[in-house]
Amino acid sequence: MSFYFGVDYYPEHWPQERWETDAVLMEQLGIQVVRMGEFSWTKMEPKEGEFHFEWLDQAINTLAAHGIQTVLGTPTAAPPAWMVRQDPDILPVDSHGLRREFGGRHHDCQSNHHYRQHIRRLVTAMAARFGHHPHVVGWQVDNELGNSHGDFCYCPHCEAAFRRWLQQKYGSIEELNRAWGTAFWSQEYSDFHQIISPKVTPNGHNPSQMLDWKRFCSDLVADFMRFQVHILRQYCDPRQFITHNCMGFADKVSYFELGKDLDFLSHDQYPGGYFAQPPHQPNQRLAAELDFIRGCKGKNFWIMEQQAGITGWECMGRNPAPGQLGLWTAQSVAHGADTVVYFRWRSCLFGTEQYWHGILPHSGKPGRTYQELKEVIAALRPYMEETQGITTPAQVGIVYSYDQNYAMQIQPHNPKLTYLGQVMKYYTALYRANVPVDFLSDQGDFSKYKLLIAPLQYLTNPELEEKYRNYVAQGGHLVLTMRTGVKDDTNLCHPHTLPGGLSDVLGIEVPEYDCLWETSLPVQWDGELFSGEQWCDLLAPSTAKTLAVAAGEWYAGTPVITCNRFGQGQAWYVGTEPDEELMNKLMSELLRAADVSSLGEAPEGVELACRKGRERNYLFVLNHTETPQTVALGREWESREVSLPPYGFAVVGSAGEELE
Ligand code: GLA
Ligand code: ZN
């Protein structure tokens, strides 16, 4: 069975007499699936070993009578009070060594042995009860793993797990001392037991230790999820899927890793963001997060939480204008969502999220949002039927690496320089040019892409260099950027002239560099002046052709952007972060050289995206502006022009010929 639309439902927040009314209203809206249970541990197990699943069973059956199936969440993001009082070491410890208390959620240490035992007991009981339930179609493990865990967990259990992780990675303490460069500031260890989790120090941290800590934390979260996945796989009908709801570019845990153990990834999409930040998150950032989640498993995904009203806890965001919720839904579908589940069904009367609004208002009476989404659901459903399960290929790939991100977080060079910021600069130029993009990890298949952009490849090793070398040698078009090849995998500087092993592929060396802190650099290309930001690598070309040079500072005239022919392909080096105009010029050069096609031209604020269907392709035309827009389309589409109201969208089928 295929699902297209759902809602996140909390029957435990409402009197049972209301459930039937909710089910009827959901059915009339076009809802086929709900997610439930992901925060209701105390309702399921009010005392250790005493399970109460009757209410959940009744809720599932009430909905099923209206053709609505259930995805169950394991409620492990909110351990009950009785449990944390019994085993207080479940509570996480922050980097100051303080225990975080009960009273919110995510108050858990993910390596804690007692906590794992409680989870095993509950998840096993849930699986035994619902693992073959005819109306439970799948599972969501925990909820937004890594959410609120930025500064967790430094407790003794996690410390011991970190030591085991290090022991396994390095084998001997001598090897760890070498890999971490502990000769600096007398940090040598003579035994693994001397290593602690990197809590706050009076002054500074070892960057190699910090990088391993971030990797360890990611691995721990993945292990925590896998632990539950194994229990579910052991007891449940294999027809029940297992997924997890991710948070776009949140970086506590690698979604590439989570994806390996799941049937598909899910994502939570809140264009309104967390607080009153008018008008909402940038459109390209929303699109990028969707593309990223698709890329993490190379597969379409579910939106497990799609914004359904005003967002906010203590403070609130803007009220979505008429059309906007539908537009955001269409954007999710356009980038690969096979199912969209709205968060939440009805605004809650109590708790932290009283103002995180649902489809139904506090009163429970259907209003503007309900009517609007009813039309959206009816309009999108036929296209979702046609495209479900089919991934749409892209010609451009952006390499995304959690490790590079971590390393740049530890030493950003320029306080304004971020890995994600640079990734988004490249993505934004492609987005503006209406060119579809895939994200992939550096373990992914480069050969699928005409153009491959790998920002800030700061950490390199011979295998990675070899992969890039082969890609270019065999005809690929590769873009590498500033700070490529600076460090090894353990965050020690390479003892080579930059960029190291890729010098011949790029046809340059980087003998010097400059940090553009509080300043920007005039850059000249074809007689035009642009600007470089954050950083500047001063390039010495060997075989590369110079495209742009510094036009200021004592190094005026020095190349900063180059292009080199290598084997069958070409490799660009971009030694600075281009401003918008420079990026646009660079991108048009790259797209032309790699012969990448665009979906067409659209007015500012109108997004074009494509989904491949069984019979034909579908162009999604998304008007993110508050004014009406008319968009001319190319011959390959069955309409030559679409007119859209403010925040309107249209889906147009291909005229017959398949797009590449
Ligand atoms: C997240 C969570 C939900 C809910 C919403 C709104 O996405 O997954 O449980 O808390 O945010 O805050
Ligand atoms: Zn811990």
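Model, not experiment: these values are computed from the prediction. Excluded from the calculations below are hydrogen atoms, water molecules and symmetry mates; all remaining heavy atoms, backbone and side chain alike, are included. Start at 1 and go down the list; that is how both ligands and their atoms are numbered.
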Asker: Just heavy atoms, cut-off under 4.0 Å: does R105 contact ligand 1 by side chain, backbone, both, or neither?
Answerer: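 R105 to ligand 1: side-chain contact only, backbone stays beyond 4.0 Å.
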Asker: Work out the angle at the Zn ion (ligand 2) between SG of C158 and SG of C155, rounded to 10°.
Answerer: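 Vertex the Zn ion (ligand 2), arms to SG of C158 and SG of C155: 110°.
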Asker: Do the charged groups of R85 and E101 touch, with an N to O distance under 4.0 Å?
Answerer: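 Yes, charged N to carboxylate O under 4.0 Å.
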Asker: May I ask you to list the atoms of ligand 1 that are less than 4.0 angstrom from any heavy atom of E144?
Answerer: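 In order of number, 1 (C), 2 (C), 7 (O), 8 (O).
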Asker: State whether D223 and R116 are salt-bridged, where the test is any N-O pair (Lys NZ or Arg NE/NH1/NH2 against Asp/Glu carboxylate O) under 4.0 Å.
Answerer: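 Between R116 and D223 there is a salt bridge, with a charged N closer than 4.0 Å to a carboxylate O.
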Asker: Show which atoms of ligand 1 fall inside a sub-4.0 Å distance from at least one heavy-atom site of F39.
Answerer: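 This gives 9 (O) as the contact atoms.
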Asker: Pairs of nitrogen or oxygen atoms closer than 3.5 Å, one from N143 and one from ligand 1: do any exist?
Answerer: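 Yes, there is a polar N/O contact under 3.5 Å.
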Asker: Are side-chain N/O atoms of Y170 and D212 paired as donor and acceptor at under 3.5 Å?
Answerer: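 Yes.
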Asker: Using a 4.0 Å heavy-atom threshold (strictly under), name the region of M247 that reaches ligand 1: side chain, backbone, both or neither.
Answerer: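 No part of M247 comes within reach of ligand 1.
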Asker: Decide whether W302 and T339 meet the rule of one side-chain donor and one side-chain acceptor closer than 3.5 Å.
Answerer: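 Yes.
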Asker: Flag C109 as yes if one of its N/O/S atoms falls below 2.8 Å of the Zn ion (ligand 2), otherwise no.
Answerer: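 Within the cut-off used here (under 2.8 Å), C109 does place an N, O or S atom near the Zn ion (ligand 2).
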Asker: Just jot down the ligand 1 atoms closer than 4.0 angstrom to any heavy atom of E353, in number order.
Answerer: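 The atoms of ligand 1 under 4.0 Å from a heavy atom of E353 are 4 (C), 5 (C), 6 (C), 10 (O), 12 (O).
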Asker: Looking at D263 and R233, does any basic side-chain N land under 4.0 Å from a carboxylate oxygen?
Answerer: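 The answer is yes: the pair qualifies as a salt bridge.
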Asker: Got a second to check how far I359's CD1 is from T369's OG1, nearest 0.5 Å?
Answerer: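 Here the rounded value is 8.0 Å.
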Asker: Kindly confirm or rule out an N or O of W356 lying under 3.5 angstrom from an N or O of ligand 1.
Answerer: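 Such a contact does not occur with ligand 1.
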Asker: Flag W313 as yes when one of its N or O atoms lies below 3.5 Å from any N or O atom of ligand 1, and as no otherwise.
Answerer: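 Looking only at distances, the answer is yes, because the N/O contact criterion of under 3.5 Å is met.
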Asker: Just verifying a value: how many Å separate N147 CG and K252 NZ, rounded to the nearest 0.5 Å?
Answerer: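 If I round to the nearest 0.5 Å, the distance is 11.0 Å.
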Asker: Which of the numbered atoms in ligand 1 are below 4.0 angstrom from a heavy atom of D268?
Answerer: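 In order of numbering, the contacting atoms are 7 (O), 8 (O).
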Asker: Of the backbone atoms (N, CA, C, O) and the side-chain heavy atoms from C-beta on, which set of N147 has a member under 4.0 Å from an atom of ligand 1: side chain, backbone, both, or neither?
Answerer: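 Neither; no heavy atom under 4.0 Å.
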Asker: Return yes if a side-chain donor-acceptor contact under 3.5 Å exists between H335 and E607, otherwise no.
Answerer: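 Yes - a donor-acceptor pair under 3.5 Å links their side chains.
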